[in-house]
Protein chains: 2
Amino acid sequence: MKDSEFYGQQSVTAKKIIVVGAGAIGAFYGSLLALAGAEVSVVCRSDYDHVKQHGFVINSRVLGCWNFIPSQVLQQAADFEGTADYVLLCTKVIPDLNRAALIRPVVKPDTAIVFIQNGVEIEQEMLDAFPDNEVISGLAFICCNRIKPGEIFHSAYGRLALGNLPGSVSRKTKYLCELVNRSGIECNATETIITERWKKCVWNAPFNPLSVLSGGLPTLEILNSQEAFVRNIMQEICSIAEASGHKLPNDIVNVNIENTYAMPPYKTSMLLDYENGHVMETEVILGNALRAAKRTGIASPYLESVYALMKLRELALNHLA
Amino acid sequence: MKDSEFYGQQSVTAKKIIVVGAGAIGAFYGSLLALAGAEVSVVCRSDYDHVKQHGFVINSRVLGCWNFIPSQVLQQAADFEGTADYVLLCTKVIPDLNRAALIRPVVKPDTAIVFIQNGVEIEQEMLDAFPDNEVISGLAFICCNRIKPGEIFHSAYGRLALGNLPGSVSRKTKYLCELVNRSGIECNATETIITERWKKCVWNAPFNPLSVLSGGLPTLEILNSQEAFVRNIMQEICSIAEASGHKLPNDIVNVNIENTYAMPPYKTSMLLDYENGHVMETEVILGNALRAAKRTGIASPYLESVYALMKLRELALNHLA
């Protein structure tokens, strides 16, 4: 299908979208796309029974509260009926999860693959797996948690950034942006999505592990107590990003610090995973950044320290469980 | 009293020793001095009732098991009857504990002050408080824990190093060494006790905080998983020590690593404090080392990281308790 045909259809046929991994992020953005008129199905594993019966309740401080009833609620992608225009992959990125295998059953020649996921240097795996498909990298700048089965609480922010790999913006990407923007949440298409990914890592690299290693402190208390340490980790991410060819804005550390002071106290996704006994995104956030540091010869002792401590923490979880 | 008189008495009068802070370390070395013939009294706070009634059981893998009945069991130093030849201060070193005030009631003109305590740069406080007394700094290289009230388990090692401040060895120090050696545990007098203190910090600086921050891993598992990180912290301590005028042996990091691999898996004192809800020696081990690093201009990002994380951990303990 050519772009012109695709756009030609938009007024008569709702786009078919399947969200794989309908946790907080997947359910939230899926619900926005449904609000905007798309036909949105979801694959959800742990909350399948509840969502199949009741759909989702999306409780947003920004947009209000509503019920999101997906078109199809599935336990695995292979059960999807129809052809998806977009597959939105929204799982965590963890070592034992094969992202490509998870979505392969619904990837047809014209399916655009969109992943809205954390971490850095997670692109190549998808480009290698689907060399003939459009691959769109997405990043959510949002405070959003799953409160209980089928209930998602959106407490702040929400901006989504989308960009084609390795670095362009397609019509399908623009159209997806338009759908999200229609819902009232900002969505930008960018030709520098890999840079955006490093930008997000500037925040994640300190706050995710520090919330876990501290024993559960929210972001504001971490910052009040150890701002200098947080800044040191952020600065290392900036140096690694620059050495990897993705220079970040000079004021990014200051802006992140100021924004976090202004944010409501927030439990990071890594802390929630930790508290719920789920696997944490240590490798994709810290490990991948450190591997990029080693490859580019950037010293990053602060990042090394939090990574080493996270690995010990994970070891303790496994050994002492 | 002159040294000659002191030694003249040794065959006729047992030396009077009061141990202030009879936890694992205080009770263990106190019991050795009693075995060697000294008249040893103890000040113990939390286990007072039990020790008053039953004394201590010392269960040593090296020396066997025996009962140590102190001469006087006291709740505070002020209750001591008699004049102490030595006061052995064996408490933890923590911010809210005034070490000088704790022993002042038993410090007479001829009382030698001995502190067997962890941490670096803890000397000046005692020299300032007791300018006219002999002040002996002591370091225990030992695996020794309090198992329950009045029961001390000595699992490995035991060497004690003693030296006068700022850097000499007195007759009183030699005599104390002799008493400990008589019991079968090695005790060395050294003119470089401050250097010894930094040497011990080489081990404590990584293993104490890492055992806590990992969530309870014993030393061997920490090492098996993150030897490079442990070495980096150790190396920073060596650099800080050297910059502070206390060059450590070139092979000290390797020796510490090898010894720890050979040690039985061990819960550090900081981990035990953490698990029991007691204040940890974060400041005296990590904080003092870092302050020395700042003063001497030595970069120490690994140490900074574990210190920052320990401060966050302590904050979480207080806030979330």
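So you know, we letter chains A, B, ... as the sequences are listed, proteins then strands, and number each from 1.
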Exercise. Would you please go through residues 295-310 of chain B and name the residues with a non-hydrogen atom below 4.5 Å from one of chain A, in numerical order?
Key: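 Counting heavy atoms that sit under 4.5 Å from chain A, the residues of residues 295-310 of chain B involved are B:Pro301, B:Tyr302, B:Glu304, B:Ser305, B:Val306, B:Ala308, B:Leu309.
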
For atom [atom1] of [X], decide whether the heavy atoms of other residues, nucleotides or ligands shown that lie under 6.0 angstrom number more than 12.
X	atom1	value
A:Arg291	CZ	yes
B:Asn276	CG	yes
B:Arg45	CZ	no

Practice problem: Measure A:Val212 against the heavy atoms of chain B and call it side chain, backbone, both or neither at under 4.5 Å. | Solution: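 The backbone, not the side chain.
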
Self-check item: Nearest-0.5 Å distance, CZ of residue B:Arg313 to CG of residue A:Leu210
Solution: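 Rounded to the nearest 0.5 Å, the CZ-CG separation comes out at 11.5 Å.
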
Self-check item: Contact check, side chains of A:Leu312 and B:Leu213, non-hydrogen atoms, under 4.5 Å
Solution: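 Contact flag for A:Leu312/B:Leu213 side chains = no.
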
